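Positions are given from 1, in the same order as the sequence printed here. Counting starts at 1 for both ligands and their atoms, following the listed order. For clarity, every value in this text was computed on a predicted model and none was experimentally measured.
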Amino acid sequence: MKTAEFVDLEDRFGAHNYHPLDVVIERGEGIWVWDVEGNKYMDLLAAYSAVNQGHCHPRIIESLVSQSHQLTLTSRAFRNDRLGPFYAYLSKLTGFDKVLPMNTGAEAVETAIKAARKWAYTVKGVPRDEAEILVFSGNFHGRTTTIVGFSSEEQYREGFGPFTPGFRILPYGDFDAVAEAMHPGVAAILIEPIQGEGGIIVPPDGYLRHLRALADEHRSLLVLDEIQSGLGRTGKMFAYEHEGIRPDIVIVGKALSGGLYPVSAILADDEVMDVFHPGDHGSTYGGNPVAAAVATAALEVLVDEGLIERSATLGTEAIERLRGLDSPHVHEVRGRGLWIGIELNPEAGGARQFCEALQHRGVLCKETHEHVIRVAPPLIIRRAELDWALEQIEAVLTAQPEQLTTASEAVQVA
Ligand SMILES: *Cc1c(COP(=O)(O)O)cnc(C)c1O
């Protein structure tokens, strides 16, 4: 079957809740993917940072396959021999006392919300049902009804109400707004240390330190959603390390399984995690032995292959190079590590056409927020490969408009 036939099947039999590029991928290896026509592309999206370790990493695949032959699911009604060692490893690696595993990122965010609220009632002493969680405009924390209820993106909410109360949206990066919003009922501040879906928005220096200080002063929890920013993407294990702070709850997902399997978790110290008692919360698949084995291998790969350091070094170089680019379309280049947003001028006509032009040059990226091209390759990328990708980006950003639409040259690269 050809691309058009696969697209047609998806359109006819699948819900239309996405608008993907029309490239049908059938194989992936490292930073490369191949479509059903045999074209080869470099993946500059890495499944929104779920594939930080590269596609089909042999060591992670091996953990999935061997564990699958052994034991796949017991539910949490019984114990399994992979969960304890996974907890211990993740705790040691990140410095938090305890782990609570889930599957998708949104479930882990929900878990953090439940933890923060219960902590507020049982430890802080907030009166029943009065706990408030401060969140930020431009946030992306997932797609459950509770979470979209505090999105500032109209489309994410429209038609899905009524929503869960208890959230207040503040402007992202505004120091005073948070200071003014603090009161005794604030259970937590929930924030992405860098907003990914919001357009790779890096807050001003000192912002996270400011939130940490406010949380301490008012005895609220600082909850960081590191589902996309964490596990090496910004050149540190966690993005909050850039500000030298430590949150009360960290939410992880995506790269926690290297793209093989949905695994997410929250990390916290005992004072917070001990609010959960048997029956308070759970998930049939959460913490299953395959998830535990895969996540352990995915984390080992990040550490053993030096991917976090690679992200820091190559990312800094790439940002500098892109900032030097002379293009009439580029408004700003920002990011941290191998997580770069190229924001285009409104007159450029949207980022999608540039992403489509890049597709014709053998590079897959996805626009975010209409005007931002996101560059976020798997962290295993080598310098020469990244150089080649940047050349392609430079070419489309300096091309004449008519060249953009006709570009369909061969997609083969070494
Ligand atoms: C992707 C993402 C989520 C949601 O994760 P899912 O696995 O898609 O539910 C939440 N927060 C952030 C910051 C994300 O990037």
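- For ligand 1 and Ala106, the ligand atoms under 4.0 Å from any heavy atom of the residue are 4 (C), 5 (O), 6 (P), 9 (O).
- At a distance under 4.0 Å, no protein heavy atom can be found next to atom 8 (O) of ligand 1.
- Within the structure, salt bridge (charged side-chain N to carboxylate O under 4.0 Å, His left out) pairs that include any residue of residues 45-71 comprise Arg59-Glu300, Arg59-Asp304 (at least two apart or interchain).
- Neither side chain, Ser152 nor Ser137, offers a donor N or O lying under 3.5 Å from an acceptor on the other.
- The nearest protein atom to atom 5 (O) of ligand 1, hydrogens excluded, is given as Gly105 CA, 3.3 Å; this is a heavy-atom distance.
- For the pair Lys254 and ligand 1, a heavy-atom separation below 4.0 Å is found.
- Looking at Asn139 and Tyr156, their side chains never bring a donor and an acceptor atom within 3.5 Å of each other.
- There is a side-chain donor-acceptor pair under 3.5 Å between Arg233 and Ser49.
- Of the N and O atoms on the side chains of Trp119 and Glu271, at least one donor lies less than 3.5 Å from an acceptor on the other residue.
- Checked against a 3.5 angstrom limit, the closest N/O atoms of Ile227 and ligand 1 fall outside it.
- Of all the listed residues (Val263, Asp225, Leu224), Asp225 holds the heavy atom that lies closest to atom 11 (N) of ligand 1.
- Ligand 1 lies within reach of Phe140, whose nearest heavy atom is under 4.0 Å from it.
- For the pair Arg246 and Tyr240, the NZ or CZ position fails the cation-pi test of under 6.0 Å to the six-membered ring centre and within 45 degrees of the ring normal.
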